[in-house]
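These notes are about the structure you will find just below.
Note that the structure is predicted; figures quoted are calculated from it, not measured. Indexing begins at 1, ligand by ligand and atom by atom, following the structure's order.
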Amino acid sequence: MTARILDGKGLAAQVEREVAAQAASLIKRYGVSPALAAVLMGDDPASVLYVKRKAEAFGRAGMRSETFHLPASTSEAELLALIADLNARPDIHGILPQQPMPAHINPRTVFERVDPAKDVDGLGPINMAALLVGRPRLVPCTPAGIMRLLEHAGIDVAGKDAVVIGRSVIVGRPMALLLLQANATVTMCHTRTRELTEHTRRADLLVVAAGKARLVTGEMVKLGAVVVDVGTNRVDGKLAGDVDFASVSERAEWITPVPGGVGPMTIAMLLRNTVQAAESQMRSARTV
Ligand code: NAD
């Protein structure tokens with residue numbers, strides 16, 4: 001068996017076009033462009049590149065984005081003051097504090113301060129709680145993109161045994177909640193899981209978000225499984241996922257490539273969340 005490819009790049013381009021049309025209609029109706037403020041601290045090359053890619057995608061979709069590039073030495077108080085300013089600005093509809101942040105900044109504190117209506121990464125407590133109780137509002141971009149990719153391929157997760165490797169707030173936890181909401185039977189694995197392979201071999205759907213290159217190999221995967229690789233690791237200067245593509249694609253029915261799978265969908269969902277946030281803010285501004 002050679003797995004079919006879940007083409008994130010292609011679907012992301014389609015989502016971008018949908019978002020661009022929505023943005024154009026908001027600009028026409030309200031005379032204001034949906035806009036994102038990305039907040040970047042320090043010079044981590046991967047983060048600088050992500051923020052640049054996000055800004056380019058906003059440009060392609062005809063939306064505005066501003067990048068606030070702060071030195072790594074910026075204090076938490078200064079960062080929170082900037083967040084407060086952005087919360088108050090009516091021309092900014094989404095706020096994206098880029099992770100990782102320097103060690104003296106607690107990212108949870110930062111996400112707690114972002115106005116929930118502008119929390120387009122869905123990582124603040126209000127949006128997380130909404131997801132937990134099954135009334136999602138702004139959903140974290142990476143897991144939202146994965147759900148869209150599965151849906152587009154016609155993969156119904158209801159009743160399936162889904163295994164998620166990784167329990168981060170940004171990927172693993174919201175991924176498990178979305179799969180649960182879609183009626184999968186969900187198992188979460190992490191660094192303290194015993195016998196990881198016993199879990200992965202049972203998985204009809206395996207989502208890997210560990211940040212460990214080639215953690216999952218062919219013999220760990222059930223024949224005919226759907227395998228989603230979230231990992232972005234640098235190996236010998238090249239981008240590598242958490243999944244050994246060659247051996248796993250011999251056993252899986254569907255697989256995401258790295259690059260070209262989950263990454264582009266994450267950016268597409270950031271655009272979608274921002275246009276959605278902008279629409280509800282513009283609508284409520286008009287009614288006050
Ligand atoms: P993280 O370091 O916050 O979390 C990693 C999780 O994996 C932890 O919960 C840990 O318990 C688990 N884990 C690590 N090693 C493991 C092992 N050997 N066995 C079982 N569990 C293990 O990372 P994160 O922010 O969730 O990101 C995970 C990966 O996904 C990284 O490579 C990151 O770069 C990538 N990522 C990609 C995108 C994208 O859009 N493509 C978005 C976010 C994160």
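- In terms of protein heavy-atom proximity, atom 5 (C) of ligand 1 is nearest to A210 O, 3.6 Å.
- Ranking the protein heavy atoms by distance from atom 4 (O) of ligand 1 puts S168 CB, 3.8 Å first.
- Under 4.0 angstrom from ligand 1, the non-hydrogen atoms of V171 all belong to its side chain.
- Between the choices H190, R167, Q99, the shortest heavy-atom distance to atom 8 (C) of ligand 1 belongs to R167.
- The shortest N/O to N/O separation between Y50 and ligand 1 does not fall below 3.5 Å.
- Between R148 and E18 there is a salt bridge, since a side-chain N of the basic residue sits under 4.0 Å from a carboxylate O of the acidic one.
- Using a cut-off of 4.0 Å between Lys/Arg side-chain N and Asp/Glu carboxylate O, E112 and R108 are scored as not salt-bridged.
- Numbered from 1 in the order shown, with element, the atoms of ligand 1 that lie under 4.0 Å from a heavy atom of T266 read 39 (C), 40 (O).
- Residue contacts with ligand 1 include L215, since one of its heavy atoms falls under 4.0 Å from the ligand.
- Among protein heavy atoms, atom 25 (O) of ligand 1 sits closest to I170 CG2, 3.4 Å.
- Atom numbering of ligand 1 starts at 1 in the shown order; those under 4.0 Å from a heavy atom of I165 are 20 (C), 21 (N).
- When the shell of 6.0 Å around CD1 of I126 is examined, it contains 12 or fewer heavy atoms from other residues, nucleotides or ligands.
- Heavy-atom separations between A209 and ligand 1 include at least one value shorter than 4.0 Å.
- Counting only heavy atoms of the protein, atom 12 (C) of ligand 1 lies nearest to G166 CA, 3.8 Å.
- Residues forming a salt bridge (Lys or Arg N to Asp or Glu O under 4.0 Å) with R89 (at least two apart in sequence, or on another chain): E66, D91.
- Here the protein heavy atom with the shortest distance to atom 33 (C) of ligand 1 is T232 OG1, 3.6 Å.
- Of all atoms in ligand 1, listed by their number and element, those nearer than 4.0 Å to a heavy atom of G263 are 40 (O), 41 (N).
- Remark: K52 engages E56 in a salt bridge, criterion side-chain N to carboxylate O under 4.0 Å.
- On a distance-only criterion, T191 and ligand 1 share at least one N/O pair closer than 3.5 Å.
- At a 4.0 Å heavy-atom cut-off, ligand 1 touches T142 through the side chain alone.
- Nearest protein heavy-atom contact of atom 29 (C) of ligand 1 is G211 N, 3.6 Å.
- Under 4.0 angstrom from ligand 1, the non-hydrogen atoms of K212 all belong to its side chain.
- In terms of protein heavy-atom proximity, atom 30 (O) of ligand 1 is closest to V230 O, 3.5 Å.
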